[in-house]
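Please read the structure below before turning to the comments.
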Amino acid sequence: MSQFFKTANAVPTLLLCSGATLCGVIILALSKFILVDLSWSMSQVGMLTGVGHLLVMLVGCFSASIFIKRQGYRVTLLAGLKLVLFGGLLWIAIAENWLTGTWIVWLTSILVGFGMGFVAVSTYTYSMRFSQQTLQPATNIAFFQGTQTFGEIIFSSVATSLAGVASYSIALGMGEIIALICLFALLKLRHYSHWRDAHCKIS
């Protein structure tokens, strides 16, 4: 495992791949509770979660695989983060009753699901290609995916607890901040300049 941390760009890539998915995961965890509080039935919530989020996420994953070939990992991840960020803002507006109506909930869910698909494919594919060019690819892939999954479990639980003691908006805002940090890092920090290379060449 120590070899992982000695690999060039491994730690920055791990932080970005683990952090980029958190905003969408937090939204997915909290949206069910928000809709129940808005008097949606369980069947309506299940339909929205299954179709509006997960099915659209699959469509986003398929679209992202094509997008990566044309634009590269960095642009694909940026596009996904922006969609999830915008969707998060809309969920805050829904939770605060600034926006109402079934149509806005469905539109928001579609935007977030599509964005999550872009984020998932860009981070997983990049981490796999990154690992393939190291001396211990299987170990590194497992470390990437395990850390990402562990982070998602922790932050979805924290967000749910935070929503209980504070508000949905504050909990959703935590996800928005994480996504903004990932955006800034991808755009400005030199540690992520290698993401511009669609073929992920490791020095």
Side-chain angles (χ1 to χ4, degrees), residues 17-67 76-77 79-125 144-183:
C17 289
S18 299
T21 61
L22 294 180
C23 185
V25 167
I26 289 171
I27 291 172
L28 195 58
L30 296 181
S31 60
K32 304 179 185 69
F33 299 111
I34 294 172
L35 294 177
V36 170
D37 285 353
L38 292 176
S39 300
W40 281 48
S41 68
M42 295 305 294
S43 60
Q44 288 176 311
V45 173
M47 178 66 70
L48 182 93
T49 303
V51 178
H53 274 144
L54 300 182
L55 184 59
V56 174
M57 184 177 174
L58 290 176
V59 176
C61 288
F62 175 76
S63 302
S65 64
I66 299 172
F67 202 76
T76 305
L77 181 54
L81 284 171
K82 289 175 182 177
L83 284 172
V84 174
L85 263 170
F86 182 59
L89 291 175
L90 291 178
W91 270 113
I92 291 174
I94 292 168
E96 295 293 338
N97 285 317
W98 299 333
L99 292 174
T100 58
T102 303
W103 69 273
I104 191 64
V105 174
W106 275 94
L107 175 62
T108 304
S109 298
I110 289 170
L111 287 174
V112 172
F114 200 78
M116 287 177 68
F118 266 54
V119 171
V121 170
S122 57
T123 54
Y124 273 102
T125 308
F144 271 117
Q145 296 186 350
T147 303
Q148 191 175 43
T149 302
F150 180 73
E152 291 172 356
I153 293 171
I154 294 299
F155 274 87
S156 62
S157 301
V158 170
T160 302
S161 299
L162 185 60
V165 299
S167 69
Y168 290 123
S169 297
I170 291 176
L172 289 166
M174 178 178 66
E176 296 288 284
I177 291 172
I178 294 172
L180 282 172
I181 291 172
C182 291
L183 267 176

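We count residues from 1, following the sequence as given.
The two residues Cys182 and Gly19 have their closest heavy-atom pair at SG-C, 3.6 Å. For the residue pair Thr76 and Ser122, the shortest heavy atom distance occurs at CG2-CB, 4.0 Å. Residues His53 and Ser31 approach most closely at CE1-OG, 3.4 Å, considering heavy atoms. What you find for Ala171 and Ile26 is that their closest heavy atoms are O-CG2, 3.8 Å. Nearest heavy atoms, Ala179 versus Cys23: CB-CB, 3.8 Å. Of all non-hydrogen atoms in Ser65 and Val121, the two that sit nearest each other are N-CG1, 4.1 Å.
Glu96 contributes atom CD, which lies 9.5 Å from atom CG of Leu172 (distance to the nearest 0.5 angstrom). Rounding to the nearest 0.5 Å gives a distance of 7.5 Å between CG of Leu35 and CD1 of Ile94. From Leu77, atom CG reaches atom OG1 of Thr125 across 11.0 Å, with rounding to the nearest 0.5 Å. Rounded to the nearest 0.5 angstrom, Ile181 CD1 and Glu176 CD are separated by 12.0 Å. To the nearest 0.5 angstrom, Thr49 atom OG1 is 6.5 Å from Leu28 atom CG. Expressed to the nearest 0.5 Å, how far CG of Leu111 lies from CE of Met116 amounts to 13.0 Å.
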List the atom pairs, donor and acceptor, that lie under 3.5 Å between side-chain atoms in residues 151-165 and the rest of the protein, sequence neighbours left out.
residue : atom : partner : partner atom : Å
Glu152  : OE2  : Thr21   : OG1          : 2.9
Ser156  : OG   : Glu152  : O            : 2.9
Ser156  : OG   : Ile153  : O            : 3.0
Ser157  : OG   : Ile153  : O            : 2.9
Thr160  : OG1  : Ser156  : O            : 2.8
Ser161  : OG   : Ser157  : O            : 3.1

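At a threshold of 4.5 Å between non-hydrogen side-chain atoms, the residues Val84 and Phe118 do not count as touching. Using a 4.5 Å heavy-atom threshold, the side chains of Phe144 and Thr123 count as separate. Between Val112 and Leu83 there is no side-chain heavy-atom pair separated by less than 4.5 Å. Proximity of Ile34 to Trp91: side-chain heavy atoms (C-beta onward) are separated by under 4.5 Å at one or more points.
The backbone N or O of Gly146 sits nowhere less than 3.5 Å from a side-chain atom of Thr149 that would complete a donor-acceptor pair.
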Query raised in the report: Can Phe150 and Gln145 be said to form a side-chain contact (heavy atoms from CB on, under 4.5 Å), step by step?
Result: CA-CA 8 Å; Phe150 180 73; Gln145 296 186 350; over 6 Å; no

Query raised in the report: Ser167 and Ser169: side chain to side chain donor-acceptor pair (under 3.5 Å), yes or no, with the steps?
Result: CA-CA 5 Å; Ser167 69; Ser169 297; 4.7 Å; no

Query - Trp106/Val51 under side-chain contact (heavy atoms from CB on, under 4.5 Å): CA gap, chis, key distance, verdict - result: CA-CA 9 Å; Trp106 275 94; Val51 178; 4.0 Å; yes

Requested in this report: With side-chain contact (heavy atoms from CB on, under 4.5 Å) as the test, would you mind laying out the steps for Leu38 and Asn97 before giving the verdict?
Outcome: CA-CA 9 Å; Leu38 292 176; Asn97 285 317; 3.7 Å; yes

Requested in this report: Could you walk me through whether Tyr168 and Phe33 pass ring pair (Phe, Tyr, Trp, His ring centres under 6.0 Å), step by step?
Outcome: CA-CA 9 Å; Tyr168 290 123; Phe33 299 111; 7.3 Å; no

**Report entry** Residues Val36, Met42; criterion side-chain contact (heavy atoms from CB on, under 4.5 Å); working and verdict
**Finding:** CA-CA 7 Å; Val36 170; Met42 295 305 294; 4.2 Å; yes

